[in-house]
Participant: 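Would you mind keeping the following structure in view while I ask a few things?
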Amino acid sequence: MDDGTDARRDRPAVSFEPTRPASGARRAVAFLLGALVWIAAAVIGVVLLGHTYILRRLLLVTVISWVVFGAALACGIALRHREERRARP
């Protein structure tokens with residue numbers, strides 16, 4: 001019974017490398033557009049499903065989680081940049 005492990009070992013490792021990395025501004029725009037799509041979907045959901053108590057509560061929890069995520073992401077980026085500056089000779 002051949003499980004194909006030999007064939008997998010013989011294959012070269014494949015990795016994705018973009019032809020050119022996205023700029024910081026382009027990544028920021030993509031991140032903001034993604035957030036806007038989620039906000040639009042939430043607003044459409046509230047409008048179509050009605051302004052019920054539970055939907056408003058879920059929307060509030062979602063917004064709070066985005067704020068916490070954004071703050072954590074900003075702190076992580078700042079810490080990484082500081083560590084990179086410290087590591088430079």
Participant: Would you say Trp66 has more than 12 foreign heavy atoms packed within less than 6.0 Å of its CH2?
Facilitator: yes
Participant: Going only through I, L, V, M, F, W and Y residues with side-chain contacts under 4.5 Å, is there a path from Val47 to Ile39?
Facilitator: yes
Participant: Given the rule that I, L, V, M, F, W and Y join up when any side-chain heavy atoms are under 4.5 Å apart, are Phe69 and Trp38 in one cluster?
Facilitator: no
Participant: Pick one: which of Val63, Ile64, Leu58 meets side-chain contact (heavy atoms from CB on, under 4.5 Å) with Leu60?
Facilitator: Ile64
Participant: Check for me, please, whether Val29 and Val37 land in the same ILVMFWY cluster - side-chain distances under 4.5 Å, paths through other members count.
Facilitator: no
Participant: Under a 4.0 Å N-O cut-off, is there an ion pair linking Arg86 with Glu83?
Facilitator: yes
Participant: Could you tell me the separation between the CZ atom of Arg85 and the CZ atom of Arg80, rounded to the nearest 0.5 Å?
Facilitator: 11.0 Å
